[in-house]
Participant: 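Dropping the structure in here first, questions after.
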Amino acid sequence: RLQLTNHVGLVLERGIRTLDEHLQIYKGQLNYADHLSIAIRLVHIVKAAHDKDVVLMDLKGSNVMLFECRGLHVFKGIDLEGALQVDKLLDDSSFMATAAFMAPELLLHKKKGVALKAKKSMDMWSLGILIFQVFQSAAGLTFWTALEIDNNDESIKSAMAGGKFTQQSIDVLIEKKFAGPANTTVRHFLPKLLQIDPAARFTIHDLDQTSLLHGGASVSATKLYEGQKVLNDGQKKIIKKLEGISEQMEESFASLAKHLDAQLHSIQGTVLRGNTT
């Protein structure tokens with residue numbers, strides 16, 4: 001039971017693990033359809049933000065968490081404190097994200113006094129990097145290690161500033177790593193995300209029109225890989241029990257909300273009458 005106190009409590013979902021952890025645990029066990037399902041879900045996460053003119057600014061595997069809801073497992077974006085409205089001026093904190101997922105225009109921005117605004121295209125680069133990593137997880141490759149660049153902030157910034165890779169080298173890498181008919185969908189859209197020139201990158205709505213979301217995937221985006229094992233009787237009982245607890249909590253919170261609402265109206269009425277005692 002909930003006890004009313006002078007403290008405010010915040011109840012959040014409990015995550016199972018991050019996408020990075022998920023890929024590590026199931027390294028070598030995920031197939032193309034599993035990877036594609038995760039990629040589709042990542043697109044949905046970005047689309048949800050961009051539809052509200054919000055730029056995530058720090059999309060990466062450790063900021064995507066797997067949650068369970070009534071037996072289904074769904075990835076969701078977390079750690080959104082760095083997210084910004086589109087066209088909001090960036091401050092120093094915006095440049096503290098992980099370099100491996102930062103768009104080139106952020107990594108190369110060194111001119112002091114020159115304003116840089118949050119753009120949706122910044123997330124699209126990060127999305128491309130993350131999707132590349134998902135599909136190459138069995139090989140343990142990231143975008144940067146595949147380019148033979150150490151996967152640390154200094155090496156990446158140095159390579160970017162020194163012009164050690166070009167758009168052509170990115171396109172060649174994708175053709176090489178995603179060769180074969182099974183990878184046609186990914187090979188088509190990934191180069192559109194990993195464009196050094198932000199103006200040339202796909203928007204989330206461009207991506208929405210590709211076969212990635214329309215006919216290119218045989219797996220439902222809402223049923224992401226969690227081993228895809230049949231639940232045994234013990235697991236089913238646990239899930240049913242948790243569902244019962246969830247319903248009880250909802251009822252308790254509804255009762256608490258009514259109580260607090262009544263108190264608020266009482267306080268407002270007292271203030272309006274001029275009684276401040």
Side-chain angles (χ1 to χ4, degrees), residues 8 10 12-13 15 18-20 38-65 67 74-134 142-144 151-154 156-161 163 165 167 170 189-210 212-213 221:
V8 176
L10 184 62
L12 302 174
E13 292 180 274
T18 66
L19 176 56
D20 282 346
I38 295 173
I40 291 171
R41 182 58 188 168
L42 293 173
V43 172
H44 288 171
I45 290 171
V46 175
K47 187 176 186 300
H50 287 194
D51 283 349
K52 296 182 181 299
D53 284 335
V54 172
V55 184
L56 296 172
M57 295 301 298
D58 196 18
L59 179 65
K60 56 185 178 181
S62 59
N63 282 347
V64 176
M65 179 76 75
F67 292 88
V74 181
F75 283 107
K76 300 181 182 182
I78 62 171
D79 269 0
L80 304 179
E81 68 270 15
L84 298 171
Q85 285 292 130
V86 171
D87 289 334
K88 183 173 181 180
L89 291 176
L90 305 185
D91 56 25
D92 291 342
S93 63
S94 302
F95 299 92
M96 296 175 66
T98 305
F101 295 89
M102 288 177 68
E105 58 271 27
L106 285 170
L107 284 172
L108 297 175
H109 184 71
K110 294 182 178 180
K111 298 179 181 179
K112 293 183 178 179
V114 178
L116 190 63
K117 297 179 179 179
K119 297 292 183 182
K120 294 177 182 178
S121 57
M122 296 172 179
D123 281 347
M124 300 311 291
W125 173 274
S126 304
L127 177 62
I129 295 289
L130 189 50
I131 289 176
F132 183 100
Q133 184 172 315
V134 167
T142 69
F143 174 75
W144 299 103
N151 199 56
N152 61 69
D153 288 10
E154 289 305 315
I156 292 169
K157 289 178 181 179
S158 176
M160 188 81 73
F165 75 100
Q167 189 61 54
I170 294 173
F189 76 79
L190 202 51
K192 305 296 185 181
L193 298 177
L194 296 176
Q195 290 286 318
I196 295 175
D197 178 5
R201 280 175 219 148
F202 259 15
T203 67
I204 200 68
H205 297 293
D206 290 332
L207 194 56
D208 194 30
Q209 301 304 313
T210 68
L212 173 66
L213 299 183

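All values reported here derive from a predicted model rather than from experimental measurement.
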Participant: Any chance you could measure N63, atom CG, to D58, atom CG, to the nearest 0.5 Å?
Facilitator: 5.0 Å

Participant: Give, for atom OG of S126 and atom CD1 of I131, the distance between the pair rounded to the nearest 0.5 Å.
Facilitator: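 Atom-to-atom, S126:OG and I131:CD1 are 11.0 Å apart.
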
Participant: Would you mind reporting whether L42 and V134 have side-chain heavy atoms less than 4.5 Å apart?
Facilitator: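 A side-chain contact under 4.5 Å exists here.
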
Participant: Could you tell me if the side chain of I45 sits less than 4.5 Å from the side chain of L127, heavy atoms only?
Facilitator: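 Side-chain contact under 4.5 Å: no.
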
Participant: Has the side chain of E105 got a donor or acceptor atom that lies under 3.5 Å from a matching backbone atom of D197?
Facilitator: no

Participant: Once rounded to the nearest 0.5 Å, what's the spacing between atom NE2 of H205 and atom NZ of K47?
Facilitator: 5.5 Å

Participant: Quick one, R201 and L207 - any side-chain contact, counting heavy atoms below 4.5 Å?
Facilitator: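 With C-beta onward as the side chain, the pair stays apart.
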
Participant: Within 45° of the six-membered ring axis of F101 and under 6.0 Å from that ring's centre, is NZ or CZ of K60 located there?
Facilitator: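 Judged by the rule (NZ or CZ under 6.0 Å from the ring centre, within 45° of its axis), K60 is not positioned above F101.
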
Participant: Give a yes or no answer on whether the side chain of D123 reaches the backbone of M57 with a donor-acceptor pair at less than 3.5 Å.
Facilitator: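 Yes, D123 side chain to M57 backbone: donor-acceptor pair under 3.5 Å.
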
Participant: Got a second to check how far L194's CG is from F202's CZ, nearest 0.5 Å?
Facilitator: 12.0 Å

Participant: What is the distance from atom CG of L59 to atom CG of L80, rounded to the nearest 0.5 Å?
Facilitator: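 Separation between the atoms: 10.0 Å.
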
Participant: Got a second to check how far M160's CE is from L106's CG, nearest 0.5 Å?
Facilitator: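 Those atoms lie 9.5 Å apart.
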
Participant: Between W125 and W144, what is the ring plane arrangement, given parallel below 30°, perpendicular above 60°, and tilted in between?
Facilitator: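 If you compare the ring of W125 with that of W144, the planes turn out tilted.
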
Participant: Taking all non-hydrogen atoms of both residues into account, name the closest pair between Q167 and P191 and its distance.
Facilitator: NE2-O, 4.4 Å

Participant: Does the side-chain contact (heavy atoms from CB on, under 4.5 Å) test come out yes or no for K120 and V54, once each step is laid out?
Facilitator: CA-CA 8 Å; K120 294 177 182 178; V54 172; over 6 Å; no

Participant: Without swapping roles, check the side chain of D53 against the backbone of Q85 for a donor-acceptor pair under 3.5 Å.
Facilitator: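 Not confirmed, D53 side chain does not pair with Q85 backbone.
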
Participant: Does some side-chain heavy atom of F143 sit less than 4.5 Å from a side-chain heavy atom of I156?
Facilitator: no

Participant: Are any of the side-chain heavy atoms of R41 and L19 separated by less than 4.5 Å?
Facilitator: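 The answer is no; the side chains never approach within 4.5 Å.
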
Participant: Quick one: are L84 and L89 in side-chain contact, heavy atoms under 4.5 Å?
Facilitator: no

Participant: Of the non-hydrogen atoms in S62 and I78, which two are nearest, and what is the gap between them?
Facilitator: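 Scanning both residues, the minimum pair turns out to be O-CD1, 3.9 Å.
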
Participant: Where is the tightest heavy-atom contact between N151 and A100, given as atom of each residue plus distance?
Facilitator: OD1-CB, 3.9 Å

Participant: Looking just at side-chain N and O atoms, do D206 and T203 make a donor-acceptor pair shorter than 3.5 Å?
Facilitator: yes

Participant: Which heavy-atom pair separates M124 from I204 by the least distance, and what is that distance?
Facilitator: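 Answer, listing the atom of M124 first, then I204: CE-N, 3.6 Å.
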
